[in-house]
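What follows is one structure encoded as structure tokens, with my remarks underneath.
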Amino acid sequence: MIKIFNYGEVSNDEIFARENIDTNVEGVVTAIIADVIDRGDAALYDYARKFDKAELSTLEVTAEEIDEAFAAVEETFLDILREAAANIRAFHEKQVRNSFIINEKDGVVTGQKVTPIEKVGLYVPGGTAAYPSTVLMDSIPAKIAGCREIVMVTPPSAQGKVNPVILAAAKIAGVDRIFKVGGAQAVAALAYGTESVPKVDKIVGPGNAYVAEAKKQVFGKVSIDMIAGPSEILVVADATCNPKFVAADLLSQAEHDRMASAVLVTDSRVFAEAVSAELERQIPLLSRSEIARASIDKNGKIIVAEGNLMLAIDIANEIAPEHLELCVDNPFDYLDKVKHAGSIFMGKHCPEALGDYFAGPNHTLPTSGTARFSSPLSVDDFVKKSQFTYYTADALAAVADKVAYFAQQEGLDAHAKSATVRFED
């Protein structure tokens, strides 16, 4: 059963603590990465046998497999995927940055040049669930940014197949190449390249603890989006909300995995108890009830800020959740008060699932309090910026002594000389 706290009765450390499983994956991941660097494709085939129980004849998904999968998906779902893709595209097109030039002084031009990252690797989880939404969310911004090639990796089934809905989403989103590789070995293959899998410049997408650790270890060799932790949701709800709705929203994240965190902050103890009762009613009805039960019992919390909705917002800011629902009347009155959240869902009719699948804003979000300093995945993640500077001889002559003087304050004579040498004659 979910734990209920009155704010101020216990320490913040206890309220905001999460029960985590300390899994030592670092050494295992280090060994896998070294093996993939050493043996390339042969290691990937061996790991497919070991972890996926799959005997693969080829690592790359063929065009025929993609067409076969596309034909196997219901047309109704294909239409929904297309509509979701259109929403995601429309939202992210607003994020496109332009290069700029400043030419306000005679003989001086400065500016910034925005260039797409050439090759991007997209990790799509497999295992207990298929995530076509991740395909759309992570590849469409890359396409908008202008990335030349998007390479997707995802674990195969024991039959050596990729879930058809994953392949259908990849075709709709415009993914260029797809490989039947999962886990830390997939991250290693993208970072270093193998005979089949091309080396990329950046790796994005969520995964389990092994994938997260692998991304951490290859960072520097390639760029990554973020180190994502378990899914989390925080709902701020007042006493006028329907407890059935709020409980369902909490469970929408609790069913992801046992490590997921679902937190309600409310201004009413009576409402807190009503939501707790509703959770107990709804959990047994879920197909993933065992996972949801473990998540709610271990990491779920209800925090009561009796009669003080603004305190509830302050508590949410302290937690800095991945997903924040403002289940209140007039939610835009509170939007400016929210300082730390990955994605904010406004009002009593805006469940977080809208953001997971359909609304358009990205669902790859900062977790574990990192929303204090980081942002959702966006088009910005798929471009890089170069600065440029141009001075004429006259423009340099006007400032050369100042540049040299500055350099001498740092004890760097060669810096100073490079500014003045052009005028010595």
Side-chain angles (χ1 to χ4, degrees), residues 25-69 116-127 130 134-135 138-139 142-143 147-164 166-167 169-171 173-208 210-225 382:
V25 301
E26 183 178 350
V28 174
V29 169
T30 299
I32 289 173
I33 292 173
D35 192 25
V36 172
I37 293 171
D38 183 46
R39 296 196 298 127
D41 281 359
L44 300 182
Y45 282 113
D46 285 348
Y47 288 123
R49 294 186 195 100
K50 180 178 180 180
F51 297 128
D52 305 309
K53 313 303 179 187
E55 194 67 46
L56 301 178
S57 58
T58 180
L59 294 172
E60 187 164 7
V61 175
T62 65
E64 290 76 19
E65 286 179 290
I66 295 172
D67 291 340
E68 179 184 328
I117 293 173
E118 287 199 3
K119 287 190 177 183
V120 174
L122 165 59
Y123 189 93
V124 177
T134 296
V135 180
D138 290 4
S139 57
K143 280 290 181 183
C147 298
R148 181 168 60 82
E149 187 172 35
I150 300 173
V151 181
M152 189 176 94
V153 292
T154 191
S157 68
Q159 292 72 41
K161 299 288 187 181
V162 175
N163 191 303
I166 295 292
L167 296 182
K171 184 172 182 178
V175 173
D176 297 294
R177 301 179 71 182
I178 306 169
F179 292 87
K180 303 172 186 177
V181 188
Q185 61 271 24
V187 175
L190 290 172
Y192 292 92
T194 70
E195 298 90 332
S196 298
V197 181
K199 179 186 180 301
V200 301
D201 302 307
K202 185 165 188 172
I203 301 172
V204 304
N208 62 19
Y210 293 90
V211 171
E213 176 62 29
K215 288 170 68 177
K216 182 178 178 181
Q217 290 193 23
V218 302
F219 177 62
K221 181 69 176 178
V222 294
S223 180
I224 61 172
D225 52 349
F382 298 101

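Index from 1, following the sequence.
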Checklist line | Partner residues of S223 under the side chain to side chain contact (heavy atoms under 4.5 Å, CB included) criterion, sequence neighbours left out | finding: K202
Next item on the list: Work out which heavy atom in V218 is nearest to a heavy atom in Y192; give both atom names and the distance.
Entry: CG1-CE1, 4.1 Å
Margin query: Run the side chain to side chain contact (heavy atoms under 4.5 Å, CB included) test against R39 and tell me which residues pass, sequence neighbours left out.
Written below: D35, A42, A43, D46
Note to self: Run the side chain to side chain contact (heavy atoms under 4.5 Å, CB included) test against K143 and tell me which residues pass, sequence neighbours left out.
What the structure shows: I150, D176
Check: Which heavy atom of A186 sits nearest a heavy atom of V153, and at what distance?
Finding: CB-CG2, 3.8 Å
Checklist line | Pairs where residues 56-67 contributes a residue and the test salt bridge (Lys or Arg N to Asp or Glu O under 4.0 Å) is met, not counting sequence neighbours | finding: E60-R177, E65-K180, D67-K171
Checklist line | For K216, side chain to side chain contact (heavy atoms under 4.5 Å, CB included) partners two or more places apart | finding: E213, I227
Checklist line | ring-ring contact (aromatic ring centres under 6.0 Å, His included) involving F51 - partner list, sequence neighbours excluded | finding: Y47
Note to self: What I'd like to find out is whether the side chain of V222 reaches to under 4.5 Å of the side chain of L190, using heavy atoms alone.
What the structure shows: no
Checklist line | Which residues share a salt bridge (charged side-chain N to carboxylate O under 4.0 Å, His left out) with E68, sequence neighbours left out | finding: none
Next item on the list: Tell me, please, which residues at least two apart from D41 pass salt bridge (charged side-chain N to carboxylate O under 4.0 Å, His left out).
Entry: none
Notebook entry, point to check: Between V204 and F382, which heavy-atom pair has the shortest distance, and what is it?
Noted result: CG1-CE2, 3.9 Å
Next item on the list: Hey, could you give me each pair passing salt bridge (Lys or Arg N to Asp or Glu O under 4.0 Å) that has a residue in residues 151-162? Not counting sequence neighbours.
Entry: none
Checklist line | CD1 on I33 to NZ on K221, rounded to 0.5 Å | finding: 12.0 Å
Notebook entry, point to check: Is there side-chain contact between T58 and S196, with at least one heavy-atom pair below 4.5 Å?
Noted result: no
Check: For the atom pair CD1 (I166) and CD1 (I66), what is the distance rounded to the nearest 0.5 Å?
Finding: 12.5 Å
Checklist line | Smallest separation among heavy atoms of V175 and I178, with atom names | finding: CG1-CG1, 4.0 Å
Using residues 117-124 as the side-chain source, report each donor-acceptor pair under 3.5 Å to any protein atom, sequence neighbours left out, with the distance given to one decimal.
| from | atom 1 | to | atom 2 | distance (Å) |
| --- | --- | --- | --- | --- |
| E118 | OE1 | R148 | NH2 | 3.3 |
| K119 | NZ | E149 | OE1 | 3.4 |
| Y123 | OH | G183 | N | 2.8 |

Next item on the list: Kindly give the heavy-atom pair with the smallest separation between D138 and P206, and that separation in Å.
Entry: OD2-CD, 3.9 Å
Notebook entry, point to check: Under 3.5 Å, is there a donor-acceptor pair between the side chain of K215 and the main chain of G205?
Noted result: yes
Check: What's the shortest heavy-atom distance between P198 and V151, and which atoms?
Finding: CG-CG2, 3.7 Å
Checklist line | All side chain to side chain donor-acceptor pair (under 3.5 Å) counterparts of Q159, not counting sequence neighbours | finding: S157
